[in-house]
Protein chains: 2
Amino acid sequence: MSTSTRTGRGLGAGLRATSKVLPEHARAHNRSLVLQHLFHEGPTSRADLARATSLTRVTISDLVNVLLAEGLVEELGVQPGRRVGKPAILVGMRTDAYQIVAVDLSDDAVMRGAVMTLTGEAVVRRSLPAAGRVGDELVDLIARFARTLVAAATRPVVGVGVGSPGVVDAAGRVIEAPNRQWADLPLAAILADRLALPVHVANDANSAALAEYTYGGAAGSMLVLTVGQGVGAGVMVDGARVHGAADAAGELGHVTVVDDGEPCACGRRGCLETVLAAPALRAAVSGLDPAAADAALAGVGRTLGAALAPVVGALNLADVLLSGPPELLDGALRTAALQTLTERTMPATARGLQLRMASLDEDVVLAGAAVLVLAAQLGVS
Amino acid sequence: MSTSTRTGRGLGAGLRATSKVLPEHARAHNRSLVLQHLFHEGPTSRADLARATSLTRVTISDLVNVLLAEGLVEELGVQPGRRVGKPAILVGMRTDAYQIVAVDLSDDAVMRGAVMTLTGEAVVRRSLPAAGRVGDELVDLIARFARTLVAAATRPVVGVGVGSPGVVDAAGRVIEAPNRQWADLPLAAILADRLALPVHVANDANSAALAEYTYGGAAGSMLVLTVGQGVGAGVMVDGARVHGAADAAGELGHVTVVDDGEPCACGRRGCLETVLAAPALRAAVSGLDPAAADAALAGVGRTLGAALAPVVGALNLADVLLSGPPELLDGALRTAALQTLTERTMPATARGLQLRMASLDEDVVLAGAAVLVLAAQLGVS
DNA sequence: GGCGGTTAAGTCGGTCTACTAACAAACATG
DNA sequence: CATGTTTGTTAGTAGACCGACTTAACCGCC
């Protein structure tokens, strides 16, 4: 008999909080399963949904009836193909019945926003100069901006998604965003209160990763590098977004990659950002003839490849995506980076690895903000 | 109305399989929640369990009754502290009522195994020379070895855990392990069949990470580097083990870290293993006076720190653990690696980062194999 | 010493969820 | 036109959790 459960080594060290699961949560999960299938695979009959989810037809019918009543799905008539038996009635997700409001704060000079369909397409676009606005004033501006977007929506709005620079926790609290003079700011909660809508906030580069995963068809183990004024990253591992111990996952821009390199805005030297950010790349190739420019870009590519190799090796990533100006990234730089990456990782790791351009354009962050809402409100991603 | 759900960009690309959840799965989850609490926090009253899990006392009593009937928990009398109200009856997990058989295949010369308590302590140890045994012959040997361990157990055996080199998928199939001449070998299924017990197999370094997480009190975002004949790694992200796109996560040993470095067994040059594996370290310091040896080790530490910086930055890890010979690792090497890591990542990342020795000794892999069983059979980790 | 207040645990009935079994509807085929 | 096949619905059942009530055991205070 053992009154001393704690004689083991180091037991009881960390409290791994997990929360209870009720039958209703199970139902919510199954409901999401149905939506997820309809979202990614298109209209499907109840019987096929049952086969795909391995739930019974009865349960599927029940779930579909609820979704029909909510207006999230609709019946689309009988399936075209003529087969034996009673013809199936197709059920499809009404991706145009609801809309999502997305806000992109990654550019500190201009706030960008859109009303989007559930499939990630912008219906209405707005932007607003925001240079110099910081702190609470900026929050006010965002709230007003979001309100105009909500007003511009032509369908009921499911929620509001925000991609913000800085460190953002899972609850949408901005832990720190120096450029915006934000610290420990519960941005999601504030906006949810003012807009009376569900609001979800995440780091902009992490949002980009979500967008490429959900809308861009990227693999479940992948990394997205966003190259713009700075360099950011978002990582998905085994189909889940990586948050990190202090919600700061993806901070690759300020990892040192060049010994005794150029000084960086962060105060140190040789950060990835000092060679890979768009301004740095433009400076590196300005005034050079094409061949020399390619050589310069290839050099950056090799540096990038060397920096990514340990990450790819440790996580066995399937996709590495570059998001940013294609004229700078999608050429010698990408080729050299892929070659270096392949050379510096073992074949088992490099096999099946892709290093390609992100498939979404400058709307990545907006689309990712939409995915935040989609995932949280409907369980679809 | 939208018959064209698939007009979005790239929708329907990847099938993200998730399986249905039934109420009984919810119950299994809640049951694990109770066990998890008892395991990590020690004996607890039903009422306290209810408060900790936010389930009701009714449900907790029901779950506890089932666990009592199974002999997994026991009543331990009233709580010592005298307070108002009816004294609570403590319920404790009977960590000595069941045992786990663990096998460590990381050393190709000798197979190590143990009968372990649920708290990860070895009760019986066995080892068996295995040099030269490969392929099916080795599988036979493992099966017989495991059978003797099962026979040596003094309590009912919950299951068998195996830590193996090579790439192992979630189902315990060894995708490839060149040294053992294994390819696409369903090791877990074979052993489960022969032993008539649940068997779980995972990569040895990944097992080590699990062990440090569960028994060693490591954070939920961490990386364990195992340094021995070779170099392996296991990664946990946000409390979950990383599998990787092709189940090859943690292959850091063969990431290139030195340009034009020493040739490696894998056929390439300058792999981390060529500088960090125990034989390489011993060779690097042999015949040197202490100061020169420390300088050599510090050099390796700096190389290691530079290789880990991108990983730590991308994942925002809280812990990096070194498992291996302390006389080589726990000195100048570790200090230099930590310093380099701190210098090469941004403060937000480096803050709260620890680089320390693993807290478990040479039993790490065995303990990790036990966690495989613990997690899969009882939901505790 | 008795009595109210407090906390722990068990009991009973109700709700929710998904399942099995059986059935009606609609179509293709011979 | 009968038969077989597939779809979707209806009715009944078992599991899982909860709220409300009850019993049990203890403290403290008049």
Counting only side-chain N and O atoms of A/Asn30, is one of them less than 4.0 Å from OP1 or OP2 of C/dA18?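 Looking at the OP1 and OP2 atoms of C/dA18, one of them is under 4.0 Å from a side-chain N or O of A/Asn30.
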Would you say D/dC17 has OP1 or OP2 under 4.0 Å from some side-chain N or O of B/Thr56?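 Looking at the OP1 and OP2 atoms of D/dC17, neither is under 4.0 Å from any side-chain N or O of B/Thr56.
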Would you sort out whether B/His200 and B/Val162 count as a side-chain contact (heavy atoms from CB on, under 4.5 Å), showing the intermediate values? CA-CA 6 Å; B/His200 302 278; B/Val162 180; over 6 Å; no
Could you report the tightest heavy-atom contact between B/Tyr215 and B/Ala370, atom names first, then the distance?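 Heavy-atom minimum between the residues: OH-CB, 4.2 Å.
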Identify, residue by residue, the members of residues 46-55 of chain A with a heavy atom below 4.0 Å from DNA chain C, and return them in order of residue number, or none.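 Within this stretch, A/Leu55 sit under 4.0 Å of the strand.
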Could you go step by step and tell me if B/Glu75 and B/Leu68 meet the side-chain contact (heavy atoms from CB on, under 4.5 Å) rule? CA-CA 8 Å; B/Glu75 294 199 334; B/Leu68 279 171; 4.2 Å; yes
Working to the nearest 0.5 Å, report the span between CG of B/Leu372 and OG of B/Ser207.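 One finds 4.5 Å between CG of B/Leu372 and OG of B/Ser207.
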Nearest 0.5 angstrom please: B/Leu90 CG to B/Leu49 CG, how far?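 If we round to the nearest 0.5 Å, B/Leu90:CG and B/Leu49:CG are 9.5 Å apart.
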Nearest whole Å is fine: how far is C/dC19 C1' from B/His25 NE2?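 Atom-to-atom, B/His25 to C/dC19, this comes out as 13 Å.
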Once you round it to whole Å, what is the distance between C1' of C/dA9 and CG of B/Leu68?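 The distance from CG of B/Leu68 to C1' of C/dA9 comes to 13 Å, rounded to the nearest Å.
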Going by an N to O cut-off under 4.0 Å, is there a salt bridge joining A/Glu70 and A/Arg31?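 A salt bridge is present here (some side-chain N lies under 4.0 Å from a carboxylate O).
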Both A/Arg83 and B/Ala88 contact DNA chain C. Taking the nearest nucleotide for each, which residue is further toward the 5' end?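 The residue mapped nearer the 5' terminus is B/Ala88.
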On DNA chain C, check which nucleotide each of A/Val58 and A/Glu24 is closest to and give me the residue with the more 5' one.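 Whichever sits nearer the 5' end wins; that is A/Glu24.
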Between [options], which nucleotide gets closest to the side-chain atoms of [X]?
X	options	answer
A/Val84	C/dA28, D/dC18, C/dT17	C/dA28
B/Ser61	D/dT7, D/dG4, C/dG10	C/dG10
B/Leu22	D/dG8, C/dT17, C/dC19	C/dC19

Do A/Gln99 and A/Thr117 have side-chain N/O donor and acceptor atoms under 3.5 Å apart?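 No pair is found: no donor N or O on one side chain lies under 3.5 Å from an acceptor on the other.
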Check: protein-nucleotides 23-26 of chain C nitrogen or oxygen pairs below 3.5 Å:
from: C/dA26; atom 1: N3; to: A/Lys86; atom 2: N; distance (Å): 3.3

Mind checking A/Asp62 for me? I need base, sugar-phosphate or nothing, with any heavy atom below 4.0 Å counting as a touch.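 Contact class for A/Asp62: none.
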Find which nucleotide of DNA chain D each of A/Leu90 and B/Ile60 is nearest to by heavy atoms, and output the residue with the more 5' nucleotide.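 This one resolves to A/Leu90.
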Knowing that exactly one of A/Leu67, A/Val64, A/Val34 qualifies, which makes a side chain to side chain contact (heavy atoms under 4.5 Å, CB included) with A/Leu72?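 For A/Leu72, the side chain to side chain contact (heavy atoms under 4.5 Å, CB included) test succeeds with only one of A/Leu67, A/Val64, A/Val34, which is A/Leu67.
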Just do the salt bridge (charged side-chain N to carboxylate O under 4.0 Å, His left out) check on A/Asp62 and A/Arg46 with the steps written out, would you? CA-CA 10 Å; A/Asp62 198 34; A/Arg46 292 173 176 81; over 6 Å; no
